[in-house]
Undergrad: 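Have a look at this one before I ask anything.
Indexing begins at 1, ligand by ligand and atom by atom, following the structure's order. FYI, the numbering just counts along the sequence from 1. Computed from a predicted structure; not experimentally measured.
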Amino acid sequence: MLQFHYFGHACFLLDDGKYKVLVDPYFTGNPVATAEPEAIECDYILLSHAHQDHLGDAPAIAKRTGAVVIGVPEVLQLCVQQEGGIQVHGMNLGGSQQLPFGKIRMTLALHSSGVPGGIACGYVIQMGGINVYFAGDTALFGDMKLIGHKDPLDYALLPIGDNYTMGLEDAAVAAQWLNVRHVIPIHYNTWPVISQEVERYKELTETMSRAEVHIVKPGEVLELVK
Ligand code: NI
Ligand code: MN
C-alpha cells in the first residue's frame, strides 16, 4: 500500500503505512499549500534542487522531526547552513541507495539548481512495491527514455506548468518516452505564470501514450496501485 498525499506545487508525501517520505516541502509562501509545515511528520525528505519552491521548509521540518534530508551535497550544505544539527545524506546523479523504506535512484533533470556548483535532479522511488518517478523541475530530455528502462515505472509525477519547466505538450511526450502507466501532473496553477488547462493535458497524454492521467488537487490523497 502506498499513499500519495499532495500538498500543492511539487510538494507531496509518500506513505507506505510505516515510513513517510516527504518531497520538495514548499509550504511557507506556497499560495496553494493545504497544510502547515509544523503539522507534517516524516522520516525522510527528498530535495530536487535549491529553488525556494522546492527546498522550502526542509531545514525546519528536518530539525523538528529528525528526518534525514537527501539531495546533492551543495543543496544539503545550504540546508545545514539554515538549521544546524540536521541529518543529511548526500547523493549524486545516477546513484542509488537502499533505505529502510525502499530504494531510491537520483536521476538527471535539465534545470538550474539554485545553488552554486549544485545540479537539479529527479528521483525514482521504489516504495511499497511501486516505482514512482518524480521528475523534479525539468525540460523534456531524450534520456527520459532510459529512466524507465532499468526500473519499469508505475507512476510519473511530471511538471506541466511551462515557463520554468516542461509545458503540456512536452510533458505528454515525456509520458510516452517514460512508458509509464500512470501520470500525476504537478507544478502548475501555483501562480498565474504557470496556469494550465490540466484537462487538456490529460486528453493529450492519454491519446499519445499508454498512461492514465490522474488529476490530484492540493489536499487530496491518492492510493497508488501496481
Ligand atoms: Ni526550479
Ligand atoms: Mn519550481
Side-chain angles (χ1 to χ4, degrees), residues 4-14 21-35 37 40 45-62 69-79 81-82 90-93 106-125 132-141 143-144 147 155-175 178 183-198 201 215-219:
F4 169 82
H5 295 248
Y6 187 45
F7 300 111
H9 201 55
C11 175
F12 63 94
L13 182 140
L14 295 174
V21 178
L22 180 64
V23 180
D24 283 359
Y26 174 46
F27 295 97
T28 304
N30 178 351
V32 297
T34 55
I40 301 297
I45 300 171
L46 306 186
L47 296 179
S48 65
H49 62 300
H51 288 151
Q52 196 50 34
D53 60 318
H54 297 263
L55 188 146
D57 299 288
I61 295 173
V69 186
I70 296 174
V72 300
E74 293 83 357
V75 171
L76 296 180
Q77 202 179 0
L78 202 63
C79 293
Q81 280 167 14
Q82 287 181 29
M91 292 182 67
N92 223 311
L93 302 184
M106 190 178 265
T107 57
L108 66 129
L110 213 49
H111 189 74
S112 64
S113 67
V115 62
I119 191 162
C121 70
Y123 293 91
V124 174
I125 305 161
V132 179
Y133 169 55
F134 165 57
D137 276 5
T138 189
L140 179 67
F141 56 92
D143 282 6
M144 280 185 183
I147 290 174
Y155 285 80
L157 311 179
L158 302 177
I160 68 159
D162 219 338
N163 195 78
Y164 303 116
T165 67
M166 300 187 279
L168 300 189
E169 287 84 6
D170 282 359
V173 174
L178 290 162
V183 170
I184 302 172
I186 59 173
H187 208 279
Y188 68 99
N189 290 2
T190 315
W191 311 287
V193 70
I194 56 169
S195 66
Q196 288 294 348
E197 292 171 47
V198 68
Y201 176 68
I215 299 169
V216 184
K217 296 195 180 78

Undergrad: So which N/O/S atom does Asp137 have closest to the Ni ion (ligand 1)?
TA: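 Asp137's closest N, O or S atom to the Ni ion (ligand 1) is named OD2.
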
Undergrad: Give a rough value, rounded to 10 degrees, for the angle at the Ni ion (ligand 1) between atoms ND1 of His51 and NE2 of His49.
TA: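 So the angle at the metal works out to 90°.
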
Undergrad: Using a distance threshold of 2.8 Å, state whether an N, O or S atom of Asp53 lies below it from the Ni ion (ligand 1).
TA: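 No, outside the cut-off.
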
Undergrad: Quick one: report the N, O or S atom of Asp53 that is nearest to the Mn ion (ligand 2).
TA: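 This residue's closest N, O or S atom turns out to be OD2.
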
Undergrad: Do any of the N, O or S atoms of His49 sit under 2.8 Å from the Mn ion (ligand 2)?
TA: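 Under 2.8 Å: His49 has no N, O or S contact with the Mn ion (ligand 2).
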
Undergrad: Determine the interplanar angle of the His49 and His54 rings, folded into 0 to 90°, and report it as parallel if under 30°, tilted if 30 to 60°, perpendicular if over 60°.
TA: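 Aromatic pair His49/His54 classed tilted.
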
Undergrad: Does atom CD of Gln77 have more than 12 heavy-atom neighbours from other groups under 6.0 Å away?
TA: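 No - once you tally the heavy atoms of other residues, nucleotides and ligands closer than 6.0 Å, there are 12 at most.
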
Undergrad: Ignoring hydrogens and geometry, is there a side-chain-to-backbone donor-acceptor pair from Thr138 to Leu110 under 3.5 Å?
TA: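 Flag set: sc Thr138 to bb Leu110 pair under 3.5 Å.
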
Undergrad: Do the non-hydrogen side-chain atoms of Phe134 and Ser48 ever get within less than 4.5 Å of each other?
TA: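 In contact.
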
Undergrad: Do any N/O/S atoms of His54 come under 2.8 Å of the Mn ion (ligand 2)?
TA: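 Yes, His54 qualifies, because one of its backbone or side-chain N, O or S atoms lies under 2.8 Å.
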
Undergrad: Take atom CD in Gln82; do more than 12 heavy atoms of anything else shown fall under 6.0 Å from it?
TA: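 More than 12 heavy atoms, drawn from other residues, nucleotides or ligands, come within 6.0 Å of this atom.
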
Undergrad: Need the atom name: nearest N/O/S atom of Asp137 to the Mn ion (ligand 2).
TA: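 In Asp137, the heteroatom (N, O or S) nearest the Mn ion (ligand 2) is OD2.
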
Undergrad: Is the ring pair His111/His51 parallel, tilted or perpendicular, if the boundaries are 30 and 60 degrees?
TA: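 The arrangement is perpendicular - the two ring planes meet at more than 60°.
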
